[in-house]
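Sharing a structure here in structure tokens format.
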Protein chains: 2
Amino acid sequence: MIALIFMIIFFIMIIRRDVFQAIADPTRRQIIEKIAAGPMNLNAIAETFDSSRQAISKHIQILTECGLVVVTQKGRERYCEVCLEQLDEVSDWVSQSKKQWLHRFEKLDHYLQDLKTKTQDDGNH
Amino acid sequence: MIALIFMIIFFIMIIRRDVFQAIADPTRRQIIEKIAAGPMNLNAIAETFDSSRQAISKHIQILTECGLVVVTQKGRERYCEVCLEQLDEVSDWVSQSKKQWLHRFEKLDHYLQDLKTKTQDDGNH
DNA sequence: GATAAGCGCAATCATTTGGTTGCGCAAGTG
DNA sequence: CACTTGCGCAACCAAATGATTGCGCTTATC
């Protein structure tokens, strides 16, 4: 029980940024795609982009704040690794919304079928 | 020729808005959730939020620009309906990235198993 | 020990975003 | 016809965002 509370506190402290917001930026998405295959040195990531190292560093900080990236210090280098479990929040929301949306069509379908049978009943009078 | 370039720029700027960016805002996500069940009048949507009608109108404009919402004029009212097929772009990206990420673990797993069998071989010497 | 590499932090800046208010127009309603 | 309702548009504003530059601290290399 206590452990659960600590877990929650931990989550609140670490995960303090919106995942949706984090993946809104195309550069950040590219960073994720790059290090999805394997961890990379921060400088190595920055070199593949046009913008400066500091800009990329900031992006990675944002990704770290929502738990999408984990950084491990190793000597003077910092290895960035993705942890894409947090993306479940995104796909969950998408599937949930789509489900509701499709459900609407189902209801409409029922309505149209009801209408059809009723019209047929009227025709039988 | 110049006109064509301007057309392309226009297309990129106006028609094509990033879906990721559109769903980055929590208010817009709430709007989507609200009208996922069925179309709503613009004013009706706005009334469920604290912010002004114009603010919501702007959000819906953004959602329209990336095809997530379709607006139908009906007399003086505008009915807003979602069209969540565009969200596939999001879930596709998520699943693609996660796939790559999990693939990495698989490779690591193979490596560890290789290491294990080799150690066992060494032990058999 | 000098130098270079890898990186964070703070200051700064232009642009974007999310919101407001005021106005006006067209569609319904008394 | 006067009035209300539903809504877009434009102007405006504060805050956030994305990027840059300059500086300084470690850690590795010569």
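A note on names: the letters A, B, ... follow the listed sequences, proteins ahead of strands, and every chain is numbered from 1.
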Scan A:Glu47 against the nucleic acid and name what it touches under 4.0 Å (heavy atoms): base, sugar-phosphate only, or nothing.
-> nothing
Is B:Gln73 touching bases, backbone alone, or none of the nucleic acid, heavy atoms closer than 4.0 Å?
-> nothing
A:Arg76 (side chain) and D:dT26 (base): donor-acceptor pair under 3.5 Å = no
With respect to the phosphate group of C:dG8, does any side-chain polar atom (N or O) of A:Arg78 fall under 4.0 Å of OP1 or OP2?
-> yes
Residue pair A:Asp92, A:Lys99: steps toward the salt bridge (Lys or Arg N to Asp or Glu O under 4.0 Å) verdict = CA-CA 10 Å; A:Asp92 283 354; A:Lys99 208 173 116 187; over 6 Å; no
Could you state the atom-to-atom distance from CZ of A:Phe20 to P of C:dT17 in whole Å?
-> 18 Å
In whole angstroms, how far is the C1' atom of D:dG18 from the CZ atom of A:Arg17?
-> 12 Å
When you match B:Asn41 and A:Ser51 each to their closest nucleotide on DNA chain D, which lands nearer the 5' end?
-> B:Asn41
Let me know the distance between CD1 of B:Ile60 and C1' of D:dC7, rounded to the nearest Å.
-> 11 Å
Which nucleotide in C:dT17, D:dG8, C:dG8 has an atom nearest any side-chain atom of B:Gln54 | D:dG8
Which whole-number value in Å describes the distance from A:Leu42 CG to C:dC9 C1'?
-> 14 Å
Would you please confirm or rule out a distance under 4.0 Å between OP1 or OP2 of C:dC7 and any side-chain N or O of A:Ser57?
-> no
In whole angstroms, how far is the P atom of C:dG18 from the CD atom of B:Gln30?
-> 14 Å
Send over the distance from B:Lys58 NZ to C:dG22 C1', rounded to a whole Å.
-> 14 Å
Side chains of B:Phe20 and A:Val90: does their closest heavy-atom pair fall under 4.5 Å?
-> no
Phosphate-side-chain proximity, A:His59 and D:dT17, N/O vs OP1/OP2 below 4.0 Å | no
Rounded to the nearest Å, what distance is computed from the CZ atom of residue A:Arg53 to the C1' atom of nucleotide C:dA10?
-> 13 Å
Shortest non-hydrogen contact from B:Trp101 to A:Cys83?
-> CZ2-CA, 3.6 Å
C:dG19 phosphate, OP1 or OP2, under 4.0 Å from B:Ser52 side-chain N/O | no
Does a salt bridge link A:Asp25 with A:Lys58, judged by any charged N lying under 4.0 Å from a carboxylate O?
-> no
Looking at A:Asn43, does any N or O in its side chain come under 4.0 Å of the phosphate oxygens OP1/OP2 on C:dC7?
-> yes
Check the pair A:Arg28, A:Glu33 against salt bridge (Lys or Arg N to Asp or Glu O under 4.0 Å), reporting the backbone distance first and the verdict last.
-> CA-CA 9 Å; A:Arg28 282 198 286 269; A:Glu33 284 166 26; over 6 Å; no
Output the single nucleotide from C:dC7, D:dC7, C:dG18 whose closest atom is nearest the side chain of B:Asp25.
-> C:dG18
Could you check how far NZ of A:Lys74 sits from C1' of C:dA5, rounded to whole Å?
-> 17 Å
